[in-house]
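Given the structure is predicted, the values throughout are model-derived calculations rather than measurements.
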Amino acid sequence: MGLPEERGRSSSGSGSGNREKSGGGARARSWSPPPEVSRCAHVPSLQRYRELHRRSVEEPREFWSDIAKDFYWKTPCPGPFLQYNFDVTKGKIFIEWMKGATTNICYNVLDRNVHEKKLGDKVAFYWEGNEPGETTQITYRELLVQVCQFSNILHKQGIQKGDRVAIYMPMILELVVAMLACARLGALHSIVFAGFSAESLCERILDSRCSLLITADAFYRGEKLVNLKELADESLEKCREKGFPVRCCIVVKHLGRAELGMSESSCQSPPVKRPCPDIQVRVDLWWHELMQEAGDEFEPEWCDAEDPLFILYTSGSTGKPKGVVHTVGGYMLYVATTFKYVFDFHPEDVFWCTADIGWITGHSYITYGPLANGATSVLFEGIPTYPDVSRLWSIVEKYKVTKFYTAPTAIRLLMKFGEEPVTKHSRASLQVLGTVGEPINPEAWLWYHRVVGAQRCPIVDTFWQTETGGHMLTPLPGATPMKPGSASFPFFGVAPAILNESGEELEGEAEGYLVFKQPWPGIMRTVYGNHPRFESTYFKKFPGYYVTGDGCRRDRDGYYWITGRIDDMLNVSGHLLSTAEVESALVEHEAVAEAAVVGHPHPVKGECLYCFVTLCDGHTFSPTLTEELKKQIREKIGPIATPDYIQNAPGLPKTRSGKIMRRVLRKIAQNDHDVGDLSTVADPSVINYLFDHRCLTI
């Protein structure tokens with residue numbers, strides 16, 4: 001797969017320069033890697049990149065149709081390659097890439113790699129368990145066989161094209177098998193992060209009307225035992241109570257593998273070495289028993305390019321998660337292309353994205369993007385600090401990882417422990433480093449570059465969203481001079497703009513709303529079951545544009561800097577949380593009459609939750625109540641949403657119309673007395689009280 005007019009070309013960036021911190025309003029000088037930084041055989045020079053990018057935006061149909069030739073299509077596109085409407089004033093919002101062409105993404109990422117590209121014996125995944133020493137690997141041929149087997153199982157359970165299947169699993173090989181089997185059948189997978197609560201799982205199952213649930217008995221996350229099946233059972237019971245009984249539940253025996261007598265050479269995740277508690281599991285169907293009887297061939301279901309591939313829920317500003325829908329053809333093109341060029345992929349690479357597959361990063365850059373390129377990846381079940389803080393770097397050394405992709409949260413966390421846990425392991429194999437999930441602060445960027453990359457690895461600081469499917473703003477390694485903390489330039493086919501409050505495009509140096517002017521293949525197509533919400537969330541504020549919800553600054557060199565969420569969303573450890581969702585969980589407690597949630601800077605997570613609660617008469621604020629409220633949020637949403645601070649607020653700053661003034665609450669949370677205009681506040685005395693009684697923050 002090569003860029004139009006770039007197939008067969010080989011070029012690398014060159015030149016070096018000074019680098020310095022870029023904080024506040026200071027303009028950072030760019031840093032260009034020396035020629036030996038990476039081979040960059042796929043990445044064009046900066047000048048050539050600008051030319052190709054301009055053409056990809058001016059002629060998107062020609063650009064992407066050329067790239068589409070590298071994929072298998074059962075039938076070609078019979079009509080227009082791209083049709084769309086981004087303007088709500090002109091009718092329904094729609095995006096159609098290659099409508100009428102048929103393909104199957106599972107066939108493209110597995111069958112073609114095994115049969116046409118002769119990669120059957122190549123390792124698809126090295127699996128690294130929670131405990132060091134729990135390891136296995138699976139080849140492309142073995143993965144194809146298991147996917148066909150599980151496709152037969154799903155088919156026997158009555159799953160058909162268009163059905164929805166919920167997946168609630170830890171980071172084990174069976175998770176990849178399950179999602180690819182759904183894709184092979186033409187069923188939509190809806191993966192729910194295994195750290196979410198039973199309530200969250202139930203909500204997502206009900207919203208998409210899932211026919212079947214796939215889960216596991218339990219797993220360890222560091223020292224913590226997560227009884228996943230118990231949570232799944234609780235969720236299924238809630239579904240039944242709400243009138244929607246799920247057809248059946250298939251369970252992977254993960255912690256109980258040793259009882260099955262699986263050999264360590266099995267291409268499934270191996271037996272867990274750690275002593276396992278006696279977990280009582282109520283089982284509908286055991287995965288391993290079904291697989292023993294399943295056939296190892298299954299003809300893929302040929303899908304229209306615009307057929308839905310999966311649903312992935314992301315937080316919404318109304319409090320109810322949005323079911324983001326991605327489709328087969330465009331998503332396949334986009335994640336394969338972004339993976340290849342952003343990470344400068346080469347066949348001998350070992351790629352490691354540390355994200356969980358329960359998030360879009362794992363969908364795009366653990367499963368579909370790498371497999372579409374025939375890559376070898378690491379699949380990691382554990383956490384960066386277990387059994388010690390050098391775990392990530394020991395894995396890099398063990399598998400000779402060449403391309404490493406992680407979150408700024410993880411980098412900031414590990415920075416606290418100094419350089420020794422990193423430098424005691426060899427990172428000589430590393431060639432490209434990446435960051436994802438939130439903007440990286442310059443200090444963390446420089447530490448990542450200096451300590452982890454030994455000042456020789458380019459860093460690709462990628463900006464994108466669940467809704468975009470893949471990278472939108474990103475450097476290209478070896479081609480783009482880097483600025484610490486900047487997402488740099490748009491990817492091919494991406495046309496960004498910065499708007500002011502009136503919706504006018506700003507030229508040159510500017511700061512305002514980040515929008516995109518035209519579709520790219522990986523853009524979401526709708527919110528599942530609620531297209532009006534799709535239109536109002538992303539297209540209503542500025543007709544004619546896709547609105548990201550993020551603020552952005554463009555500097556004099558044309559680099560883009562993400563300044564944070566503009567709406568009432570919080571970015572905690574790279575994961576978006578809705579303030580409304582957290583507030584809703586708080587007020588469900590009998591003691592809470594009203595709640596307001598804002599973000600607060602956090603040295604590790606980037607942002608944490610600071611909650612203000614107004615209590616009902618007869619209730620007293622206490623440490624016990626604080627712990628009850630945190631527990632309630634963990635149960636309703638998940639541990640990721642646990643607040644760092646909860647403040648008693650006898651009153652909240654409101655306008656005379658009753659609207660809570662969150663900008664004032666953000667100032668109080670940060671102990672910033674420059675609160676601005678208070679002329680619309682109904683009771684200014686409330687603000688003084690909250691400042692005097694604020695939580696002690698770090």
Arg456 side-chain N/O to His449 backbone N/O, donor-acceptor pair under 3.5 Å:
no

Do Leu228 and Pro170 make a side-chain contact, defined as non-hydrogen atoms from C-beta onward lying under 4.5 Å apart?
yes

For Tyr140 and Ala375, indicate whether the former's side chain and the latter's backbone hold a donor-acceptor pair under 3.5 Å.
yes

Any side-chain to backbone donor/acceptor pair from Asn108 onto Tyr72? Under 3.5 Å, distance only.
yes

Would you indicate whether the side-chain heavy atoms of Leu476 and Val460 approach each other to under 4.5 Å?
no

For the atom pair CD1 (Ile167) and SG (Cys182), what is the distance rounded to the nearest 0.5 Å?
4.5 Å

Would you say CD of Glu116 has more than 12 non-hydrogen atoms from neighbouring residues, nucleotides or ligands within 6.0 angstrom?
yes

Measure the CD1-CD1 distance between Ile440 and Ile459 for me, rounded to the nearest 0.5 Å.
6.5 Å

Centroid-centroid under 6.0 Å between Phe310 and His189 rings:
yes

Answer yes if the side chains of Tyr331 and Ser364 hold a donor-acceptor pair under 3.5 Å, and no otherwise.
yes

Please report the interatomic distance CD1(Ile360) to CD1(Ile366), rounded to the nearest 0.5 Å.
11.0 Å

Between Phe492 and Tyr49, is the gap from one ring center to the other below 6.0 Å?
yes

Could you check whether any side-chain N or O of Thr468 sits under 3.5 Å from a backbone N or O of Gln465, counting only pairs where one atom can act as donor and the other as acceptor?
yes

So, does Ser45 use its side chain to make a donor-acceptor pair with the main chain of Arg48 at under 3.5 Å?
yes

Give a yes or no on whether the backbone of Val251 and the side-chain of Thr215 come within a donor-acceptor separation of less than 3.5 Å.
no

Can you list the steps and then say if Trp445 with Thr435 is a side chain to side chain contact (heavy atoms under 4.5 Å, CB included)?
CA-CA 9 Å; Trp445 190 102; Thr435 63; 5.8 Å; no

Show the numbers, then the answer: is there a salt bridge (charged side-chain N to carboxylate O under 4.0 Å, His left out) between Arg221 and Glu381?
CA-CA 8 Å; Arg221 186 166 179 81; Glu381 183 188 28; over 6 Å; no

Between Asp356 and Gly358, is there a donor-acceptor pair closer than 3.5 Å when you use the side chain of the first and the backbone of the second?
yes

Identify whether the distance between the nearest side-chain nitrogen and carboxylate oxygen of Arg184 and Asp111 falls below 4.0 Å.
yes

side-chain contact (heavy atoms from CB on, under 4.5 Å), paired with Leu110, selected from Val145, Leu119, Leu144:
Leu144

Closest heavy-atom contact between Val604 and Arg412?
O-NE, 3.0 Å

Testing the basics here: between Thr466 and His326, what is the closest heavy-atom pair and its distance to 0.1 Å?
O-NE2, 2.8 Å

Does Asp217 come within less than 4.0 Å of Lys253, counting only side-chain N to carboxylate O?
no

For the residue pair Gln146 / Asp296, report whether a side-chain donor-acceptor contact shorter than 3.5 Å exists.
no

Residues Asp461, Lys483: salt bridge by 4.0 Å N-O rule
no

Under 6.0 Å between the ring centres of Phe150 and Trp287?
yes

Is the backbone of Asp349 close enough, under 3.5 Å, to the side chain of Lys403 for a donor and an acceptor to pair up by distance?
no

Any luck finding a side-chain donor-acceptor pair between Thr139 and Asp121 under 3.5 Å?
no

Qualifying residue for ring pair (Phe, Tyr, Trp, His ring centres under 6.0 Å) with Phe351, from Phe339, Phe125, Phe345:
Phe339

Could you tell me whether the side chain of Ile67 reaches within less than 4.5 Å of the side chain of Tyr334, counting heavy atoms only?
no

Where do Lys424 and Ser390 come nearest, in terms of heavy atoms and distance?
CE-OG, 3.5 Å

What heavy-atom pair brings Leu255 and Ala218 nearest, and what distance separates the two atoms?
CG-O, 3.3 Å

Distance only, no hydrogens: is a donor on one side chain within 3.5 Å (strictly under) of an acceptor on the other, for Asp555 and Trp561?
yes

Drop me the distance from Glu174's CD to Ile138's CD1, to the nearest 0.5 angstrom.
8.5 Å

Is there side-chain contact between Leu309 and Ile105, with heavy atoms separated by less than 4.5 Å?
yes

Do you see a donor-acceptor pair shorter than 3.5 Å between the side chains of Tyr386 and Glu131?
yes

Value for CZ (Arg112) from CG (Leu371), rounded to nearest 0.5 Å, stands at 13.5 Å

Side-chain donor-acceptor contact under 3.5 Å, Thr474 with Thr462
no

Taking the six-membered ring for Trp, are the ring centroids of Tyr560 and Phe489 within less than 6.0 Å of each other?
no

Pair Leu379, Tyr126 - check side chain to side chain contact (heavy atoms under 4.5 Å, CB included), show working.
CA-CA 6 Å; Leu379 186 67; Tyr126 292 112; over 6 Å; no

Could you check whether His363 and Trp359 have their ring centres less than 6.0 Å apart?
no

Kindly indicate, with the supporting measurements, whether the criterion side chain to side chain contact (heavy atoms under 4.5 Å, CB included) is fulfilled by Phe463 and Leu514.
CA-CA 11 Å; Phe463 167 79; Leu514 175 64; 3.6 Å; yes

Okay, side chain of Thr548, backbone of Asp550: is any donor-acceptor separation there less than 3.5 Å?
yes

What I'd like to find out is whether the side chain of Met169 reaches to under 4.5 Å of the side chain of Met179, using heavy atoms alone.
no

Go through Val350 and Ser429 one step at a time and tell me if the side chain to side chain contact (heavy atoms under 4.5 Å, CB included) criterion holds.
CA-CA 9 Å; Val350 176; Ser429 60; over 6 Å; no

Taking only Lys NZ, Arg NE, NH1 and NH2, and the carboxylate oxygens of Asp or Glu, determine whether Glu443 and Arg450 approach each other closer than 4.0 Å.
no

For a quick test of reading the model, state the closest non-hydrogen atom pair linking Gly129 to Phe380 and the distance between them.
O-CE1, 3.8 Å

Heavy-atom pair with the smallest gap, counting every atom of Trp127 and Met171
NE1-O, 2.8 Å

Backbone N/O of Val114 and side chain of Lys117: donor-acceptor pair under 3.5 Å:
no

Relative to the ring of Tyr365, is the ring of Tyr405 parallel (under 30°), tilted (30 to 60°) or perpendicular (over 60°)?
perpendicular

Any side-chain heavy-atom pair of Phe343 and Thr338 under 4.5 Å:
no

Ring centroid separation for His254 and Phe219, is it under 6.0 angstrom?
no

Between Val452 and Leu430, is there a side-chain heavy-atom distance shorter than 4.5 Å?
yes

Quick test of your reading of the model: are Glu134 and Arg257 salt-bridged, counting only N-O distances below 4.0 Å?
no

For this output row, return yes or no: ring centroids of Trp393 and Phe417 closer than 6.0 angstrom.
no

Side chains of Thr409 and Glu438: is there a donor and an acceptor less than 3.5 Å apart?
yes

How far does SG of Cys457 sit from CZ of Arg427, to the nearest 0.5 angstrom?
9.0 Å

